[in-house]
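Right, one structure below, let's go through it.
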Amino acid sequence: MIDKEKLGNYPAITPKELEEAAAQAVRQTRAALVEFGEAFKGIYSEHNFYSKADNCQWTNGFWTGELWLAYELTGEEDFRRTALKHTESFRIRLEQEIETDTHDLGFLYTPSCVAAYKLTGDVKSRETALLAARKLASRFHEKGQFIQAWGSMEERENYRLIIDCLLNLPLLFWASEETGDPMYANIAKAHLDSALKVIVRSDFSTYHTYYFDPDTGQPLKGVTHQGYSAESVWARGQAWGVYGIALGYRYTGKKEYLPLFESVANYFLEHLPDNLIPYWDFTFSEGSLEPRDSSAAAIAACGFLEMADLLDSEKAMNYRKKAMCLMKALHDVCAVKEPSISNGQLLHGVYGRKTPYNDCIDHGIDECNLWGDYYYMEALVRLSKKWRPYW
Ligand code: GLY
(Lines give C-alpha, C1' and ligand atoms only; values in the text may rest on other atoms or scores of the structure.)
Protein backbone atom coordinates (compact mmCIF):
# COMPACT_ATOMS: atom_id res chain seq x y z
CA MET A 1 0.00 0.00 0.00
CA ILE A 2 1.40 3.40 -0.96
CA ASP A 3 1.49 5.88 1.92
CA LYS A 4 -0.40 9.12 1.45
CA GLU A 5 2.68 11.30 1.80
CA LYS A 6 4.49 9.43 -0.95
CA LEU A 7 1.55 9.90 -3.30
CA GLY A 8 1.42 13.60 -2.43
CA ASN A 9 5.09 13.90 -3.34
CA TYR A 10 4.88 11.95 -6.59
CA PRO A 11 5.70 14.29 -9.52
CA ALA A 12 2.98 15.34 -11.93
CA ILE A 13 3.48 15.17 -15.68
CA THR A 14 5.02 18.47 -16.81
CA PRO A 15 3.64 20.57 -19.70
CA LYS A 16 6.67 19.57 -21.80
CA GLU A 17 6.22 15.86 -21.05
CA LEU A 18 2.53 16.19 -21.81
CA GLU A 19 3.25 17.78 -25.16
CA GLU A 20 5.76 15.04 -25.99
CA ALA A 21 3.38 12.32 -24.83
CA ALA A 22 0.51 13.67 -26.94
CA ALA A 23 2.78 14.01 -29.99
CA GLN A 24 4.00 10.45 -29.47
CA ALA A 25 0.46 9.14 -29.16
CA VAL A 26 -0.45 10.84 -32.43
CA ARG A 27 2.64 9.36 -34.13
CA GLN A 28 1.67 5.91 -32.89
CA THR A 29 -1.88 6.35 -34.17
CA ARG A 30 -0.64 7.59 -37.54
CA ALA A 31 1.73 4.64 -37.94
CA ALA A 32 -0.98 2.17 -36.92
CA LEU A 33 -3.41 3.76 -39.37
CA VAL A 34 -0.95 3.08 -42.20
CA GLU A 35 -0.62 -0.54 -41.01
CA PHE A 36 -4.31 -1.23 -40.32
CA GLY A 37 -6.01 0.87 -42.99
CA GLU A 38 -9.75 0.56 -42.43
CA ALA A 39 -9.39 -2.68 -40.44
CA PHE A 40 -9.89 -3.00 -36.69
CA LYS A 41 -7.31 -4.05 -34.12
CA GLY A 42 -7.49 -7.17 -31.96
CA ILE A 43 -8.37 -6.89 -28.25
CA TYR A 44 -4.79 -7.01 -27.01
CA SER A 45 -1.31 -7.20 -28.47
CA GLU A 46 0.97 -10.26 -28.66
CA HIS A 47 4.57 -9.45 -27.86
CA ASN A 48 3.36 -5.84 -27.94
CA PHE A 49 1.99 -5.96 -31.49
CA TYR A 50 -1.67 -6.00 -32.44
CA SER A 51 -3.03 -7.94 -35.39
CA LYS A 52 -5.98 -7.05 -37.59
CA ALA A 53 -9.41 -8.17 -36.38
CA ASP A 54 -13.07 -8.11 -37.38
CA ASN A 55 -15.64 -5.91 -35.73
CA CYS A 56 -17.00 -8.59 -33.40
CA GLN A 57 -15.41 -7.91 -29.99
CA TRP A 58 -16.43 -5.69 -27.07
CA THR A 59 -13.36 -3.54 -27.70
CA ASN A 60 -13.77 -2.38 -31.30
CA GLY A 61 -14.98 1.10 -30.32
CA PHE A 62 -11.67 1.96 -28.70
CA TRP A 63 -9.52 1.98 -31.83
CA THR A 64 -12.12 4.13 -33.57
CA GLY A 65 -12.09 6.34 -30.48
CA GLU A 66 -8.32 6.69 -30.71
CA LEU A 67 -8.73 7.86 -34.30
CA TRP A 68 -11.22 10.51 -33.18
CA LEU A 69 -8.85 11.64 -30.41
CA ALA A 70 -5.99 11.90 -32.91
CA TYR A 71 -8.29 13.85 -35.21
CA GLU A 72 -9.08 16.24 -32.36
CA LEU A 73 -5.39 16.76 -31.66
CA THR A 74 -4.37 17.30 -35.28
CA GLY A 75 -7.40 18.01 -37.50
CA GLU A 76 -5.89 15.50 -39.97
CA GLU A 77 -8.39 14.27 -42.52
CA ASP A 78 -7.06 10.66 -42.62
CA PHE A 79 -8.10 10.08 -39.01
CA ARG A 80 -11.54 11.53 -39.62
CA ARG A 81 -12.16 9.61 -42.83
CA THR A 82 -11.22 6.23 -41.35
CA ALA A 83 -13.13 6.76 -38.11
CA LEU A 84 -16.20 7.72 -40.11
CA LYS A 85 -15.75 4.63 -42.29
CA HIS A 86 -15.72 2.53 -39.09
CA THR A 87 -19.16 3.85 -38.16
CA GLU A 88 -20.55 2.05 -41.25
CA SER A 89 -19.16 -1.20 -39.90
CA PHE A 90 -20.76 -0.48 -36.49
CA ARG A 91 -24.11 -0.03 -38.23
CA ILE A 92 -23.78 -3.38 -40.02
CA ARG A 93 -22.77 -5.02 -36.75
CA LEU A 94 -25.97 -3.83 -35.10
CA GLU A 95 -28.19 -4.76 -38.07
CA GLN A 96 -26.67 -8.22 -38.27
CA GLU A 97 -26.62 -8.61 -34.46
CA ILE A 98 -22.95 -9.57 -34.39
CA GLU A 99 -22.13 -10.11 -30.70
CA THR A 100 -24.62 -7.49 -29.58
CA ASP A 101 -26.09 -9.60 -26.77
CA THR A 102 -24.09 -7.60 -24.27
CA HIS A 103 -24.07 -4.45 -22.13
CA ASP A 104 -20.81 -3.48 -23.87
CA LEU A 105 -22.84 -1.54 -26.44
CA GLY A 106 -21.76 1.63 -24.64
CA PHE A 107 -18.08 0.77 -24.98
CA LEU A 108 -18.73 -0.01 -28.64
CA TYR A 109 -20.96 2.84 -29.78
CA THR A 110 -19.90 5.79 -27.60
CA PRO A 111 -16.28 6.33 -28.73
CA SER A 112 -17.23 5.43 -32.32
CA CYS A 113 -20.69 6.67 -33.33
CA VAL A 114 -21.53 9.17 -30.56
CA ALA A 115 -18.07 10.67 -31.04
CA ALA A 116 -18.63 10.79 -34.81
CA TYR A 117 -21.90 12.64 -34.37
CA LYS A 118 -20.49 15.07 -31.81
CA LEU A 119 -17.44 15.86 -33.92
CA THR A 120 -18.88 15.88 -37.43
CA GLY A 121 -22.66 16.06 -37.08
CA ASP A 122 -22.96 12.85 -39.11
CA VAL A 123 -26.65 11.96 -38.83
CA LYS A 124 -26.20 8.31 -39.78
CA SER A 125 -23.85 7.88 -36.80
CA ARG A 126 -26.43 9.53 -34.55
CA GLU A 127 -29.08 7.12 -35.81
CA THR A 128 -26.77 4.13 -35.28
CA ALA A 129 -25.89 5.20 -31.73
CA LEU A 130 -29.59 5.65 -30.94
CA LEU A 131 -30.30 2.13 -32.20
CA ALA A 132 -27.50 0.85 -29.95
CA ALA A 133 -28.99 2.75 -26.99
CA ARG A 134 -32.37 1.13 -27.65
CA LYS A 135 -30.75 -2.29 -27.69
CA LEU A 136 -28.86 -1.53 -24.45
CA ALA A 137 -32.08 -0.35 -22.78
CA SER A 138 -33.69 -3.67 -23.71
CA ARG A 139 -31.23 -5.41 -21.36
CA PHE A 140 -32.80 -3.75 -18.31
CA HIS A 141 -34.46 -6.04 -15.78
CA GLU A 142 -37.37 -4.50 -13.88
CA LYS A 143 -36.84 -7.11 -11.19
CA GLY A 144 -33.63 -5.91 -9.59
CA GLN A 145 -33.55 -2.66 -11.63
CA PHE A 146 -30.32 -3.34 -13.47
CA ILE A 147 -28.85 -3.87 -16.93
CA GLN A 148 -27.74 -7.45 -17.46
CA ALA A 149 -24.11 -7.78 -18.43
CA TRP A 150 -23.77 -10.72 -20.73
CA GLY A 151 -25.67 -13.24 -22.77
CA SER A 152 -29.28 -14.24 -23.22
CA MET A 153 -31.80 -12.44 -21.03
CA GLU A 154 -33.71 -15.70 -20.56
CA GLU A 155 -31.00 -17.65 -18.72
CA ARG A 156 -31.23 -17.47 -14.92
CA GLU A 157 -27.48 -17.83 -14.52
CA ASN A 158 -26.99 -14.57 -16.47
CA TYR A 159 -28.98 -12.52 -13.93
CA ARG A 160 -26.19 -10.19 -12.89
CA LEU A 161 -24.57 -6.82 -13.39
CA ILE A 162 -20.87 -5.94 -13.56
CA ILE A 163 -19.05 -2.81 -12.45
CA ASP A 164 -17.74 -2.14 -15.98
CA CYS A 165 -21.31 -1.28 -17.05
CA LEU A 166 -21.04 2.14 -15.38
CA LEU A 167 -19.14 3.22 -18.51
CA ASN A 168 -21.98 2.01 -20.74
CA LEU A 169 -24.55 4.30 -19.12
CA PRO A 170 -23.49 7.52 -20.90
CA LEU A 171 -24.90 6.06 -24.14
CA LEU A 172 -28.31 5.98 -22.46
CA PHE A 173 -28.02 9.45 -20.94
CA TRP A 174 -26.96 10.78 -24.33
CA ALA A 175 -29.93 9.08 -26.04
CA SER A 176 -32.35 10.83 -23.68
CA GLU A 177 -30.69 14.18 -24.32
CA GLU A 178 -30.90 13.61 -28.09
CA THR A 179 -34.45 12.28 -28.30
CA GLY A 180 -36.13 13.96 -25.34
CA ASP A 181 -37.36 10.52 -24.25
CA PRO A 182 -36.56 10.10 -20.51
CA MET A 183 -36.81 6.29 -20.72
CA TYR A 184 -33.08 5.83 -21.44
CA ALA A 185 -31.88 8.12 -18.64
CA ASN A 186 -34.35 6.55 -16.20
CA ILE A 187 -32.89 3.13 -16.90
CA ALA A 188 -29.36 4.47 -16.51
CA LYS A 189 -30.21 6.13 -13.18
CA ALA A 190 -31.92 3.02 -11.86
CA HIS A 191 -28.97 0.85 -12.85
CA LEU A 192 -26.51 3.29 -11.30
CA ASP A 193 -28.34 3.23 -7.97
CA SER A 194 -28.75 -0.56 -7.94
CA ALA A 195 -25.14 -1.16 -8.93
CA LEU A 196 -23.58 1.26 -6.45
CA LYS A 197 -25.66 -0.18 -3.60
CA VAL A 198 -24.31 -3.68 -4.09
CA ILE A 199 -20.87 -3.46 -5.67
CA VAL A 200 -19.26 -0.94 -3.31
CA ARG A 201 -18.24 -2.68 -0.10
CA SER A 202 -18.15 -1.00 3.32
CA ASP A 203 -14.40 -0.30 2.95
CA PHE A 204 -15.06 1.25 -0.51
CA SER A 205 -13.40 -1.54 -2.42
CA THR A 206 -15.63 -3.08 -5.08
CA TYR A 207 -17.00 -6.36 -6.33
CA HIS A 208 -16.59 -7.10 -9.99
CA THR A 209 -20.01 -8.67 -10.58
CA TYR A 210 -23.18 -9.04 -8.54
CA TYR A 211 -25.99 -11.59 -8.92
CA PHE A 212 -29.67 -10.94 -8.31
CA ASP A 213 -32.52 -13.35 -7.70
CA PRO A 214 -34.46 -13.59 -10.98
CA ASP A 215 -37.73 -14.29 -9.12
CA THR A 216 -37.63 -11.53 -6.52
CA GLY A 217 -34.99 -9.11 -7.84
CA GLN A 218 -33.21 -9.25 -4.48
CA PRO A 219 -29.38 -8.91 -4.55
CA LEU A 220 -27.78 -12.31 -3.98
CA LYS A 221 -23.99 -12.28 -3.98
CA GLY A 222 -20.79 -10.72 -5.30
CA VAL A 223 -18.63 -12.85 -7.57
CA THR A 224 -15.62 -12.11 -9.70
CA HIS A 225 -14.98 -12.89 -13.35
CA GLN A 226 -11.57 -11.30 -13.93
CA GLY A 227 -10.40 -10.47 -10.42
CA TYR A 228 -8.30 -12.77 -8.25
CA SER A 229 -11.29 -13.96 -6.19
CA ALA A 230 -14.84 -12.95 -5.25
CA GLU A 231 -13.68 -10.94 -2.23
CA SER A 232 -10.50 -9.48 -3.75
CA VAL A 233 -10.33 -6.10 -5.48
CA TRP A 234 -9.77 -6.29 -9.22
CA ALA A 235 -7.75 -3.15 -10.01
CA ARG A 236 -9.51 -2.44 -13.30
CA GLY A 237 -12.90 -2.96 -11.69
CA GLN A 238 -12.03 -0.36 -9.05
CA ALA A 239 -10.94 1.99 -11.87
CA TRP A 240 -14.23 1.43 -13.75
CA GLY A 241 -15.84 2.43 -10.45
CA VAL A 242 -13.81 5.64 -10.20
CA TYR A 243 -14.62 6.80 -13.73
CA GLY A 244 -18.17 5.42 -13.63
CA ILE A 245 -19.13 7.29 -10.45
CA ALA A 246 -17.69 10.53 -11.85
CA LEU A 247 -19.83 10.11 -14.98
CA GLY A 248 -22.83 9.18 -12.84
CA TYR A 249 -22.38 12.41 -10.92
CA ARG A 250 -22.14 14.41 -14.16
CA TYR A 251 -25.43 13.04 -15.46
CA THR A 252 -27.46 12.96 -12.24
CA GLY A 253 -25.93 15.74 -10.12
CA LYS A 254 -26.58 13.54 -7.07
CA LYS A 255 -24.57 14.99 -4.21
CA GLU A 256 -24.18 11.62 -2.49
CA TYR A 257 -21.99 10.46 -5.37
CA LEU A 258 -19.31 12.99 -4.39
CA PRO A 259 -18.17 11.37 -1.10
CA LEU A 260 -18.62 7.96 -2.72
CA PHE A 261 -16.31 8.97 -5.55
CA GLU A 262 -13.75 10.25 -3.08
CA SER A 263 -13.76 7.03 -1.06
CA VAL A 264 -13.67 4.65 -4.03
CA ALA A 265 -10.92 6.76 -5.63
CA ASN A 266 -8.91 6.87 -2.41
CA TYR A 267 -9.11 3.11 -2.14
CA PHE A 268 -7.63 2.90 -5.63
CA LEU A 269 -4.84 5.37 -4.88
CA GLU A 270 -3.95 3.94 -1.50
CA HIS A 271 -3.45 0.48 -2.96
CA LEU A 272 -1.03 1.51 -5.68
CA PRO A 273 2.53 0.28 -5.50
CA ASP A 274 5.47 2.70 -5.43
CA ASN A 275 5.61 3.42 -9.16
CA LEU A 276 1.81 3.98 -9.30
CA ILE A 277 1.19 1.25 -11.88
CA PRO A 278 -1.34 -1.04 -10.17
CA TYR A 279 -0.95 -4.77 -9.92
CA TRP A 280 -3.82 -6.36 -11.83
CA ASP A 281 -5.54 -7.15 -8.52
CA PHE A 282 -5.02 -5.30 -5.24
CA THR A 283 -4.47 -8.64 -3.52
CA PHE A 284 -0.89 -8.09 -4.68
CA SER A 285 1.34 -5.36 -3.38
CA GLU A 286 4.88 -3.99 -3.61
CA GLY A 287 7.40 -6.72 -4.34
CA SER A 288 4.92 -9.15 -5.93
CA LEU A 289 5.99 -10.68 -9.24
CA GLU A 290 2.41 -10.57 -10.55
CA PRO A 291 1.85 -8.40 -13.63
CA ARG A 292 0.62 -4.81 -13.54
CA ASP A 293 -2.45 -3.49 -15.31
CA SER A 294 -1.54 -0.12 -16.78
CA SER A 295 -5.04 0.23 -18.25
CA ALA A 296 -6.51 0.53 -14.74
CA ALA A 297 -4.33 3.60 -14.07
CA ALA A 298 -5.36 5.17 -17.40
CA ILE A 299 -9.08 4.65 -16.68
CA ALA A 300 -8.70 6.09 -13.17
CA ALA A 301 -6.82 9.12 -14.54
CA CYS A 302 -9.80 9.85 -16.81
CA GLY A 303 -12.12 9.49 -13.82
CA PHE A 304 -10.13 12.05 -11.84
CA LEU A 305 -10.10 14.44 -14.79
CA GLU A 306 -13.83 14.02 -15.34
CA MET A 307 -14.56 14.81 -11.68
CA ALA A 308 -12.13 17.74 -11.73
CA ASP A 309 -14.15 19.22 -14.61
CA LEU A 310 -17.34 18.98 -12.59
CA LEU A 311 -16.07 20.72 -9.47
CA ASP A 312 -15.07 24.27 -8.98
CA SER A 313 -12.74 24.15 -6.04
CA GLU A 314 -9.50 23.10 -4.48
CA LYS A 315 -10.80 19.55 -4.77
CA ALA A 316 -10.84 19.90 -8.54
CA MET A 317 -7.19 20.94 -8.50
CA ASN A 318 -6.38 18.05 -6.25
CA TYR A 319 -8.10 15.53 -8.54
CA ARG A 320 -6.36 17.00 -11.57
CA LYS A 321 -3.03 16.71 -9.79
CA LYS A 322 -3.72 13.03 -9.03
CA ALA A 323 -4.51 12.38 -12.67
CA MET A 324 -1.28 14.14 -13.66
CA CYS A 325 0.73 11.93 -11.29
CA LEU A 326 -0.85 8.80 -12.76
CA MET A 327 -0.11 10.12 -16.25
CA LYS A 328 3.49 10.87 -15.34
CA ALA A 329 3.88 7.27 -14.15
CA LEU A 330 2.19 5.88 -17.26
CA HIS A 331 4.25 8.08 -19.54
CA ASP A 332 7.53 7.11 -17.83
CA VAL A 333 6.90 3.39 -17.34
CA CYS A 334 4.36 2.22 -19.91
CA ALA A 335 3.94 4.59 -22.85
CA VAL A 336 5.19 3.36 -26.22
CA LYS A 337 7.84 5.78 -27.36
CA GLU A 338 8.26 4.56 -30.93
CA PRO A 339 6.55 2.26 -33.44
CA SER A 340 9.43 -0.30 -33.47
CA ILE A 341 8.53 -1.21 -29.86
CA SER A 342 4.80 -1.65 -30.38
CA ASN A 343 1.89 -0.65 -32.61
CA GLY A 344 -0.14 0.26 -29.49
CA GLN A 345 0.07 3.10 -26.96
CA LEU A 346 0.42 1.61 -23.51
CA LEU A 347 2.50 -1.40 -22.51
CA HIS A 348 2.02 -3.60 -19.41
CA GLY A 349 -1.70 -4.20 -19.29
CA VAL A 350 -3.56 -7.37 -18.33
CA TYR A 351 -6.76 -8.54 -19.99
CA GLY A 352 -7.38 -11.68 -17.92
CA ARG A 353 -5.36 -13.77 -15.52
CA LYS A 354 -6.55 -17.21 -14.48
CA THR A 355 -6.60 -18.06 -10.77
CA PRO A 356 -8.19 -20.98 -8.89
CA TYR A 357 -10.94 -18.54 -7.81
CA ASN A 358 -12.06 -16.86 -11.05
CA ASP A 359 -13.52 -18.08 -14.31
CA CYS A 360 -11.40 -16.28 -16.88
CA ILE A 361 -8.44 -17.49 -18.89
CA ASP A 362 -4.87 -16.24 -19.17
CA HIS A 363 -4.78 -13.77 -22.03
CA GLY A 364 -3.30 -10.40 -22.86
CA ILE A 365 -0.89 -10.55 -19.92
CA ASP A 366 1.79 -7.84 -19.87
CA GLU A 367 0.51 -6.59 -23.20
CA CYS A 368 -1.12 -3.51 -24.66
CA ASN A 369 -4.89 -3.58 -24.73
CA LEU A 370 -7.27 -1.36 -26.65
CA TRP A 371 -8.98 0.29 -23.69
CA GLY A 372 -5.65 1.02 -22.03
CA ASP A 373 -4.48 2.69 -25.24
CA TYR A 374 -7.73 4.60 -25.61
CA TYR A 375 -8.04 5.89 -22.03
CA TYR A 376 -4.36 6.85 -21.92
CA MET A 377 -4.94 8.93 -25.02
CA GLU A 378 -8.23 10.33 -23.71
CA ALA A 379 -6.42 11.54 -20.57
CA LEU A 380 -3.73 13.15 -22.73
CA VAL A 381 -6.39 14.96 -24.75
CA ARG A 382 -8.25 16.00 -21.59
CA LEU A 383 -5.02 17.50 -20.25
CA SER A 384 -4.08 19.15 -23.56
CA LYS A 385 -7.26 21.01 -24.47
CA LYS A 386 -10.81 21.75 -23.40
CA TRP A 387 -12.43 18.49 -24.38
CA ARG A 388 -16.07 17.73 -25.03
CA PRO A 389 -16.43 14.17 -23.70
CA TYR A 390 -17.73 11.39 -25.94
CA TRP A 391 -19.11 9.68 -22.78
N1 GLY B 1 -14.94 -4.69 -19.61
C2 GLY B 1 -14.11 -5.83 -19.63
C3 GLY B 1 -12.77 -5.60 -19.06
O4 GLY B 1 -12.52 -4.58 -18.43
O5 GLY B 1 -11.93 -6.48 -19.23
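Just so you know, ligand 1 is whichever comes first in the structure, and atom 1 is the first atom listed for that ligand.
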Considering only heavy atoms of [X], which atoms of ligand 1 have at least one such atom less than 4.0 Å away?
X	answer
Arg236	3 (C), 4 (O), 5 (O)
Trp240	4 (O)
Tyr351	5 (O)

From the options Asp164, Thr59, Thr102, select the one whose nearest heavy atom is closest to atom 2 (C) of ligand 1.
Asp164

Sole residue of Arg382, Lys386, Arg388 in salt bridge (Lys or Arg N to Asp or Glu O under 4.0 Å) with Asp309
Arg382

Quick check: closest heavy atoms across Ser288 and Glu290, and the distance to 0.1 Å?
OG-N, 3.0 Å

Please evaluate residues Arg134 and Tyr184 with respect to the criterion side chain to side chain donor-acceptor pair (under 3.5 Å), reporting the C-alpha separation (whole Å), side-chain torsions for both, the decisive distance (0.1 Å), and the verdict.
CA-CA 8 Å; Arg134 185 162 285 279; Tyr184 303 98; 3.2 Å; yes

Check the orientation of His141 and Tyr159. Use parallel for under 30°, tilted for 30 to 60°, and perpendicular for over 60°.
tilted

Do Trp371 and ligand 1 have an N or O pair less than 3.5 Å apart?
no

Mind checking whether Trp174 and Leu130 have side chains closer than 4.5 Å, heavy atoms only?
yes

At a non-hydrogen distance cut-off of under 4.0 Å, which region of Trp234 contacts ligand 1 (side chain, backbone, both, or neither)?
side chain

